[in-house]
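This report refers to the structure that appears directly beneath it.
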Amino acid sequence: MSCLVVIGSMTTDFVVNTVRPPQMGETIEGEQFETFFGGKGANQAVVAARLGAEVSMIGAVGDDTFGEEILANLTDCGVDTSGVKVIPDQSSGSAHITVVDGDNAIVIVLGANGDVEPQLIAEADELLADVTCILLQNELPVEVVEYVIDYCHQRNITLLYDPAPAREISIDLLEKVDYLTPNETEFLVLFPGQTISDVLANYPNQLIVTLGDKGVKYHDGTEIVHVPAPTVDKVVDSTGAGDTFNGALAVQLSKGKALKEAIRFASAAAALSVTKRGAQTGAPTEQEVNVQLAQNH
């Protein structure tokens with residue numbers, strides 16, 4: 001059985017590199033066009049598999065060429081796809097990404113990801129029987145996200161919830177999540193009008209706020225802990241950095257690592273991911289992460 005199960009989205013990423021983003025109604029010339037495999041769920045699954053975890057994917061693709069290629073890529077990366085449903089007469093998910101100076105703006109088209117239903121998770125009992133940790137994101141219908149949170153809480157399954165893209169969710173549900181990993185923007189949606197420092201103390205060793213190149217903050221039950229971000233020579237593409245962090249964090253936590261140690265490892269993995277193009281192709285190996293940690297020690 002799988003140690004980690006990712007319940008989430010799978011997409012094809014269509015990436016345009018340009019010197020600046022176009023204004024509304026404007027057409028500009030891009031510098032480069034590439035396609036990559038993506039989707040927050042698939043990204044996190046590939047990251048975890050590349051770091052040596054046994055990983056299964058639960059979600060949906062369309063019955064198109066893109067769906068076939070998505071499943072083939074996951075299999076090639078060592079991810080079990082027996083929990084993925086092919087939706088008839090539906091397109092697979094896609095992401096349309098504009099990259100400027102290493103940073104990105106993304107438009108998501110859910111496609112088959114939007115057709116995932118709670119029943120798909122309910123039917124995956126065999127995959128979930130001995131799971132160590134489940135990873136969940138917001139590129140699925142809200143009723144599925146809520147179902148998974150309750151499912152894990154009722155069965156005492158460790159859940160790492162990456163609330164991206166940002167959307168409101170009840171505090172009652174958030175309190176059922178073992179690890180919540182918003183970035184600064186997502187934090188403001190979840191906790192409007194509140195500061196990170198004020199909220200962290202209410203969720204010790206549970207709320208982990210990622211701050212990009214400023215590192216990560218969480219509360220250890222006594223005080224706020226700041227884990228600095230490792231430095232890299234050059235940022236090439238930040239697409240998937242958050243997914244790399246979450247996938248790596250889940251792997252380390254499933255091994256029983258202490259939270260601070262797991263965050264340091266995940267931060268190093270995320271830092272390495274931005275030095276390559278593509279959300280999945282940038283995912284590092286465990287050896288590469290350990291070298292990065294040694295260099296930044």
Side-chain angles (χ1 to χ4, degrees), residues 4 40 43-44 47-48 50-53 102-103 132-133 135-137 158-164 166 174 177-191 194-235 237-276 279 282-297:
L4 299 179
K40 299 192 74 62
N43 293 345
Q44 293 176 18
V47 167
R50 190 161 296 166
L51 292 171
D103 208 353
T132 303
C133 178
L135 291 87
L136 174 70
Q137 321 80 34
T158 299
L159 175 65
L160 192 158
Y161 174 38
D162 172 19
L174 290 182
V177 174
D178 296 283
Y179 300 102
L180 178 67
T181 60
N183 62 23
E184 292 174 276
T185 301
E186 293 148 6
F187 173 89
L188 293 175
V189 175
L190 295 172
F191 304 100
Q194 302 182 66
T195 67
I196 293 174
S197 297
D198 289 342
V199 176
L200 282 176
N202 297 327
Y203 299 90
N205 298 305
Q206 177 187 9
L207 177 60
I208 301 162
V209 183
T210 60
L211 307 169
D213 60 6
K214 297 189 292 293
V216 177
K217 286 186 177 181
Y218 73 100
H219 197 287
D220 67 0
T222 301
E223 62 183 356
I224 293 176
V225 178
H226 175 226
V227 180
T231 58
V232 294
D233 293 335
K234 183 180 180 180
V235 175
D237 181 5
S238 62
T239 306
D243 296 331
T244 301
F245 177 87
N246 282 282
L249 182 64
V251 171
Q252 293 298 293
L253 292 172
S254 70
K255 291 181 177 180
K257 301 294 185 181
L259 183 56
K260 186 174 183 179
E261 182 181 356
I263 290 173
R264 286 187 66 246
F265 184 95
S267 296
L272 285 173
S273 75
V274 305
T275 63
K276 299 178 183 178
T285 64
E286 183 176 19
Q287 181 179 1
E288 289 171 333
V289 177
N290 287 332
V291 169
Q292 174 75 4
L293 284 170
Q295 292 174 345
N296 282 268
H297 186 65

_Could you check whether any side-chain N or O of Gln292 sits under 3.5 Å from a backbone N or O of Thr231, counting only pairs where one atom can act as donor and the other as acceptor?_
yes
- Residue pair Leu207, Val199: steps toward the side chain to side chain contact (heavy atoms under 4.5 Å, CB included) verdict: CA-CA 9 Å; Leu207 177 60; Val199 176; 3.6 Å; yes
Nearest heavy-atom contact between Ala268 and Pro230 is CA-CG, 3.6 Å
One should read off an interatomic distance between Leu180 CG and Tyr203 OH, to the nearest 0.5 angstrom, of 8.0 Å
query: If we only count heavy atoms from C-beta on, is the Glu184 to Leu211 side-chain gap below 4.5 Å?
result: yes
Looking only at heavy atoms, the pair that brings Leu249 and Ile208 closest together is CD2-CD1, 4.0 Å
So CG of Leu259 and CD of Gln206: to nearest 0.5 Å the spacing works out to 11.0 Å
Nearest heavy-atom contact between Ala53 and Val251 is CB-CG2, 3.9 Å
Check your understanding: Are Thr210 and Ser267 close enough that some pair of their side-chain heavy atoms sits under 4.5 Å apart?
Key -> no
Here the pair of heavy atoms bringing Ala229 nearest to Gly212 is CB-O, 3.7 Å
So CG of Asp162 and CG of Asp243: to nearest 0.5 Å the spacing works out to 6.5 Å
| task | List the steps, then state whether side chain to side chain contact (heavy atoms under 4.5 Å, CB included) holds for Thr158 with Tyr179. | result | CA-CA 8 Å; Thr158 299; Tyr179 300 102; 3.9 Å; yes
Taken in chain and number order and not counting sequence neighbours, the residues that satisfy side-chain contact (heavy atoms from CB on, under 4.5 Å) with Glu286 are Leu51, Lys255, Phe265, Asn290
Separation between CD (Gln44) and CG (Leu136), nearest 0.5 Å, reads 9.0 Å
*Step by step, would you call Thr244 with Val274 a side chain to side chain contact (heavy atoms under 4.5 Å, CB included)?*
CA-CA 10 Å; Thr244 301; Val274 305; over 6 Å; no
Closest non-hydrogen atoms of Ala241 and Ser273, given as atom of the first, atom of the second and distance, are CA-OG, 3.5 Å
Any donor-acceptor pair under 3.5 Å linking the side chain of His226 with the backbone of Lys214?
yes
Review point. Do Ser254 and Leu4 come close enough that some side-chain heavy atom pair is under 4.5 Å?
Key: yes
Between Asp220 and Lys260, does any NZ, NE, NH1 or NH2 come within less than 4.0 Å of an OD or OE carboxylate oxygen? no
In terms of heavy-atom contacts, Glu261 and Lys257 come closest through OE2-CD, 3.7 Å
When rounded to the nearest 0.5 Å, the distance separating CZ of Phe191 from CD of Glu186 is 11.5 Å
Would you mind reporting whether Asp178 and Leu160 have side-chain heavy atoms less than 4.5 Å apart? no
Self-check item: Residue pair Ile263 / Tyr218, side-chain heavy-atom distance below 4.5 Å
Solution: yes
